[in-house]
There are 2 protein chains.
Amino acid sequence: MEINCAEDQIVEKIELLPENQLKGLRLPTIRRFPKYLRILWELSSMGRDVVSSEKIANELNIDSITVRKDLAFTGIIGKPKIGYSISLLINGIERLIKPNNQTNIFLIGAGNLGAALLGYKGFEKHGYNIIAAFDSDPYKIGTTIHNKPVLSIDKITEIVEIPGDNIGVLCVPGNVAQQTAEILVKSGIRAIWNFTNVELKVPGHVTVLSEDLSSSLAVLSVNMKKNAYK
Amino acid sequence: MEINCAEDQIVEKIELLPENQLKGLRLPTIRRFPKYLRILWELSSMGRDVVSSEKIANELNIDSITVRKDLAFTGIIGKPKIGYSISLLINGIERLIKPNNQTNIFLIGAGNLGAALLGYKGFEKHGYNIIAAFDSDPYKIGTTIHNKPVLSIDKITEIVEIPGDNIGVLCVPGNVAQQTAEILVKSGIRAIWNFTNVELKVPGHVTVLSEDLSSSLAVLSVNMKKNAYK
DNA sequence: AACAAATTGATAATTATTTATCGATATATA
DNA sequence: TATATATCGATAAATAATTATCAATTTGTT
Ligand SMILES: NC(=O)c1ccc[n+]([C@@H]2O[C@H](COP(=O)([O-])OP(=O)(O)OC[C@H]3O[C@@H](n4cnc5c(N)ncnc54)[C@H](O)[C@@H]3O)[C@@H](O)[C@H]2O)c1
Ligand SMILES: NC(=O)c1ccc[n+]([C@@H]2O[C@H](COP(=O)([O-])OP(=O)(O)OC[C@H]3O[C@@H](n4cnc5c(N)ncnc54)[C@H](O)[C@@H]3O)[C@@H](O)[C@H]2O)c1
């Protein structure tokens with residue numbers, strides 16, 4: 001089975017950002033960047049050249065000062081009375097948040113959620129190479145889902161060994177989450193995007209980002225209760 | 001087709017929390033509550049009676065002072081040298097973040113992601129009634145997914161009219177997200193859990209909570225870059 | 001050329017959130 | 001009973017994030 005991975009691609013020189021350009025970047029700012037990008041892409045496709053912080057802020061229901069502060073991290077400077085160059089902003093933001101072109105995604109657990117994520121357009125759109133899924137179910141191994149091969153979990157160590165930054169997307173049942181994470185770490189993965197509700201213990205050099213839907217449910221519930229008093 | 005909705009259930013008296021118990025509750029605290037619950041449920045199932053803030057903090061890699069401050073919102077007081085009663089904490093947290101027992105979930109767009117979410121155990125576990133899905137695809141209408149009926153989107157107004165707090169989970173393609181949101185609002189929905197990458201415009205009385213995976217991808221990418229300098 | 005309007009970017013103020021300090025208290029143990 | 005220790009909860013300090021203020025700049029208009 002052919003696996004389309006970063007190794008097969010023309011590898012451009014990875015341009016490392018000066019460390020201090022990244023250092024000041026805070027979580028809320030990083031999380032807003034893709035939202036800015038979406039607006040900028042849209043405006044760009046409509047043929048617009050410039051945009052003001054106020055316009056972006058209105059689209060996102062945030063403050064324009066926040067937008068200007070965030071955009072300052074790109075190094076792009078706007079013109080008074082005019083705004084910012086859309087194309088320069090797109091480049092500037094992508095420079096900060098795009099993965100390098102050797103960043104590979106491996107999805108572990110091709111079940112309900114995993115299968116949906118294999119069809120998630122965001123991976124490619126944001127510059128990630130989604131390579132393959134791994135599962136332990138013999139009925140799934142050897143099939144493809146959304147054109148991505150489903151491989152035996154036993155093969156993971158050799159597959160993940162392709163060069164580059166490797167991200168594991170963890171979609172296995174909670175009761176095997178920790179042990180699966182440990183396999184990932186042993187395979188040399190540098191980051192885990194964790195969709196299980198398990199708090200993973202991993203070594204310090206591995207980044208874990210957990211997507212916890214129950215947190216969101218709690219926010220929904222509390223907001224509705226607060227609203228009941230209005 | 002039978003639809004199991006809140007109307008059919010024994011409706012307990014809804015116990016409204018005193019407004020000021022909710023007012024001070026901040027977003028980070030609300031988001032941590034389900035994590036505490038998970039630990040408490042686990043400890044409880046192991047037969048433990050009490051737990052210290054330090055223990056909880058260690059499990060979640062956060063500071064124990066944060067845990068104590070959060071727990072103070074429940075009104076439960078711990079004992080020095082002993083810790084907190086696990087069962088009291090569970091009650092106290094659930095009192096704050098559980099939806100009332102007439103909170104219904106309707107899922108719009110039974111595609112890849114929608115189908116996965118229909119199988120998400122978290123809804124029931126956290127006290128929501130997941131009622132049905134709606135779709136525009138005639139091949140899906142009339143089927144069931146994870147035992148939930150898929151109904152015609154045209155039926156939404158009459159179905160959503162069942163009493164209670166209604167939450168719409170939006171899993172339609174981005175290009176119809178805004179118009180679908182407007183249908184939801186017209187149907188009397190009070191909150192939208194938005195999985196599309198569209199910034200929805202809704203009236204003030206409607207709560208929107210957006211799950212933006214591209215924000216997470218950006219965080220992963222930046223964290224990996226920062227790590228490269230270590 | 002003078003003036004008005006829009007918009008940036010720097011600095012300051014405010015608010016939110018996390019982390020530190022420490023006295024008080026419940027329990028176990030010597 | 002006295003002492004040591006774990007732990008809470010209150011208060012204070014530090015850090016992070018948002019929001020306000022305003023001078024400077026660019027452009028359009030009279
Ligand atoms: N379904 C959802 O919408 C949803 C939402 C949020 C979070 N989650 C979480 O995502 C995870 C997966 O949920 P799901 O609904 O897709 O479950 P699922 O049972 O449909 O899928 C789990 C998949 O993992 C595979 N698997 C089991 N053990 C494995 C192992 N040791 N190695 C490799 N693969 C293994 C199974 O064969 C299956 O294909 C769970 O932890 C769940 O809590 C699911
Ligand atoms: N697939 C993922 O993992 C993923 C992850 C994050 C976000 N999302 C977002 O979730 C949304 C759905 O993604 P998907 O992958 O499930 O797409 P999908 O195409 O598989 O599903 C969309 C569903 O919506 C239905 N639909 C279309 N128009 C409708 C209308 N007007 N009213 C009711 N139903 C309608 C379609 O029939 C289909 O069943 C998209 O906005 C996507 O960006 C998807």
Side-chain angles (χ1 to χ4, degrees), chain A residues 20-33 35-36 39-40 43 48-89 92-93 96 215 218-219 222-223 226, chain B residues 20-33 35-36 39-40 43 48-89 92-93 96 215 218-219 222-223 226:
Chain A
N20 56 22
Q21 196 175 1
L22 287 173
K23 200 181 281 172
L25 265 185
R26 304 289 170 181
L27 215 54
T29 297
I30 298 168
R31 301 190 80 89
R32 282 189 293 265
F33 275 144
K35 299 179 195 292
Y36 299 154
I39 293 169
L40 295 167
L43 290 171
R48 301 278 297 273
D49 288 328
V50 292
V51 65
S52 71
S53 60
E54 190 70 29
K55 163 91 174 160
I56 295 175
N58 284 340
E59 293 285 327
L60 297 176
N61 272 301
I62 58 177
D63 198 292
S64 67
I65 307 166
T66 303
V67 176
R68 288 200 291 282
K69 281 214 160 160
D70 288 346
L71 296 184
F73 281 100
T74 63
I76 307 302
I77 58 176
K79 273 195 192 154
K81 178 86 188 244
I82 302 296
Y84 299 84
S85 152
I86 289 174
S87 62
L88 288 180
L89 276 189
I93 294 175
L96 291 174
S215 290
V219 173
V222 172
N223 281 348
K226 283 184 174 176
Chain B
N20 56 23
Q21 196 175 1
L22 287 174
K23 200 182 280 176
L25 265 185
R26 304 290 171 181
L27 214 55
T29 298
I30 298 168
R31 302 191 78 89
R32 282 188 293 264
F33 275 144
K35 299 179 195 292
Y36 299 154
I39 293 169
L40 295 166
L43 289 171
R48 301 279 298 273
D49 289 328
V50 291
V51 66
S52 70
S53 58
E54 189 71 27
K55 164 93 174 156
I56 296 175
N58 284 341
E59 293 284 327
L60 297 176
N61 272 301
I62 59 178
D63 198 292
S64 68
I65 307 166
T66 303
V67 176
R68 288 201 291 281
K69 282 214 160 160
D70 288 346
L71 297 184
F73 281 101
T74 65
I76 308 302
I77 58 176
K79 274 195 191 155
K81 179 84 190 243
I82 303 295
Y84 300 85
S85 152
I86 289 174
S87 62
L88 288 181
L89 276 190
I93 294 176
L96 291 174
S215 290
V219 173
V222 173
N223 281 347
K226 282 183 175 176

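Chain naming here is simple, since letters A, B, ... match the order of the sequence lines and numbering starts at 1 in each.
- Sequence order on DNA chain D of the closest nucleotides to A:K81 and A:I62 puts A:I62 first from the 5' end.
- Nearest to the side chain of A:K79, among D:dC8, C:dT7, D:dT27, sits D:dT27.
- Taking CD1 of A:I93 as the reference point, atom CG of A:D70 lies at 8.5 Å (rounded to 0.5 Å).
- Between A:R68 and C:dG9, a side-chain N or O to OP1/OP2 separation shorter than 4.0 Å is absent.
- Dashed line: the shortest gap from a side-chain N or O of B:R32 to OP1 or OP2 of C:dT18 is under 4.0 Å.
- With distances taken from any side-chain atom of B:P28 to the nucleotides C:dT17, D:dA12, D:dA20, the minimum falls on C:dT17.
- Each of C:dA16, C:dT19, C:dT7 was ranked by its minimum atom distance to the side chain of B:T66; first place goes to C:dT19.
- At the phosphate of D:dT26, neither OP1 nor OP2 sits under 4.0 Å from any side-chain N or O atom of A:Y84.
- If you check every strand for non-hydrogen atoms under 4.0 Å, B:I82 touches sugar and phosphate atoms only.
- Of the listed nucleotides (C:dT27, C:dT8, D:dA16), D:dA16 has the atom at the smallest distance from the side chain of A:R26.
- B:S53 comes within 4.0 angstrom of the backbone, heavy atoms only, and of no base.
- As a whole-Å value, the separation of B:R31 CZ from C:dT18 P is 12 Å.
- Within 4.0 Å (heavy atoms only), B:I77 reaches sugar-phosphate atoms of the nucleic acid but no base atom.
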